[in-house]
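We use all heavy atoms of the structure for the numbers below, so side chains are in, but hydrogens, waters and symmetry mates are not.
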Amino acid sequence: STSYANYCFCYRQELERLAGLQGRRHSRWVKFLDTSKGPEVGLLTASYFLFRGAQKNFGARGAGYLPLTTWSRERHRSYIEAWIPSDDELGGPCAMLPLMVHWASLPHRPRLLYEFLHKRFPQELSMEVLANGSVEDLAEAYRSAAARGRKSWQAFRARPASSDPFVEHFRGLLSETGNVRLDAAACNLGSARLWAMGGWTRRGHSSG
């Protein structure tokens, strides 16, 4: 059998052979997004579980393996929240939330997804609406969630500097964008910054 990691490695090798290195693609048939310079358009959450690495100031990150059969649904959710925190002091529920999130390969779906969203937007996205809401109910709920996320982001941008070095580390990374519209909309995450910012042990959540 072939592991997911080997599949990704093989895919990347073939992509570079056919279309060139990242940032220097030469294909005339297919155009590639450079997510390190624009918004992260699609995050595969399984990648966070497969990753294993460390950062000098904040310690180890990543489980390095899937499936984690001994982990509960709550532990899976807590681990993802360590990578994509929603604290107001870190920009609120939308600051670290990519444009699209893929939950393939993870267990406990769809309840894991519903609980992740409900904890992030407890007033706007109820478990009942997420599981059984009509199209109209879901559209209204997501619009309300987006409005709260935007309000939290704007408050974060207006807040004075924090004495917490962890918060200031985040603030510096979050402000690295050349696109004013994306920055104002709390949708400015390139994949390089998304990976650099997440995954730390903080307030009961850990990706170590």
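Using a 4.0 Å cut-off between charged nitrogen and carboxylate oxygen, R77 and E74 count as a salt-bridge pair. The existence of a salt bridge linking E115 and R111 is confirmed by a sub-4.0 Å separation between a basic side-chain nitrogen and an acidic carboxylate oxygen.
Listed by chain and residue number, nothing satisfies the ring pair (Phe, Tyr, Trp, His ring centres under 6.0 Å) test with F121 (two or more places apart in sequence, or in another chain). For R24, the side-chain hydrogen bond (donor to acceptor under 3.5 Å, both in side chains) criterion is met by no residue, not counting sequence neighbours. Partners of E124 by side-chain hydrogen bond (donor to acceptor under 3.5 Å, both in side chains), not counting sequence neighbours, listed by chain and number: R148. Legend: residues meeting ring pair (Phe, Tyr, Trp, His ring centres under 6.0 Å) with H76, ordered by chain and number and at least two apart, are F49, W71, H108. For R159, there are no salt bridge (charged side-chain N to carboxylate O under 4.0 Å, His left out) partners at least two apart in sequence or on another chain.
Among residues at least two apart or in separate chains, ring-ring contact (aromatic ring centres under 6.0 Å, His included) pairs with a member in residues 86-107 are W103-F116.
For the atom pair CG of L18 and OG of S27, the computed distance is 8.5 Å after rounding to the nearest 0.5 Å. Taking CG of D87 as the start and CD of E81 as the end, the distance is 9.5 Å to the nearest 0.5 Å. Summarising the geometry, atom CG belonging to L106 is positioned 7.5 Å from atom CG belonging to L44; distances are rounded to the nearest 0.5 Å.
Heavy-atom neighbours of Q123 CD from other residues, nucleotides or ligands within 6.0 Å: at or below the threshold of 12. More than 12 heavy atoms of other residues, nucleotides or ligands sit less than 6.0 Å from atom CD of E16. Heavy-atom contacts from other residues, nucleotides or ligands closer than 6.0 Å to CZ of R109 number more than 12. The neighbour count for M100 CE, taken as heavy atoms of other residues, nucleotides or ligands under 6.0 Å away, does not exceed 12.
R25 is listed as a side-chain neighbour of L15, based on a closest heavy-atom distance under 4.5 Å. Contact check for I84 versus Y48: side-chain heavy atoms found under the 4.5 Å cut-off. Under the 4.5 Å side-chain criterion, counting only non-hydrogen atoms from C-beta, P107 is not in contact with L68. Counting heavy atoms from C-beta outward, L130 and L113 have side chains that stay 4.5 Å or more apart. Between C94 and S152 there is no side-chain heavy-atom pair separated by less than 4.5 Å.
A donor-acceptor pair under 3.5 Å is absent between the side-chain atoms of Y114 and the main chain of E128, judged by distance alone. A donor-acceptor distance shorter than 3.5 angstrom exists from the side chain of R120 to the backbone of P85, with no hydrogens or angles considered. Between the side chain of Y142 and the main chain of L125, no donor-acceptor pair closer than 3.5 Å is present.
The nearest pair of heavy atoms linking G133 to L138 is O-CD1, 3.8 Å.
Transitive grouping of hydrophobic side chains (ILVMFWY, heavy atoms separated by less than 4.5 Å) keeps L21 and W29 in distinct clusters.
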Derivation and outcome, salt bridge (Lys or Arg N to Asp or Glu O under 4.0 Å), residues E14 and R17: CA-CA 5 Å; E14 283 300 291; R17 182 180 69 83; 2.7 Å; yes

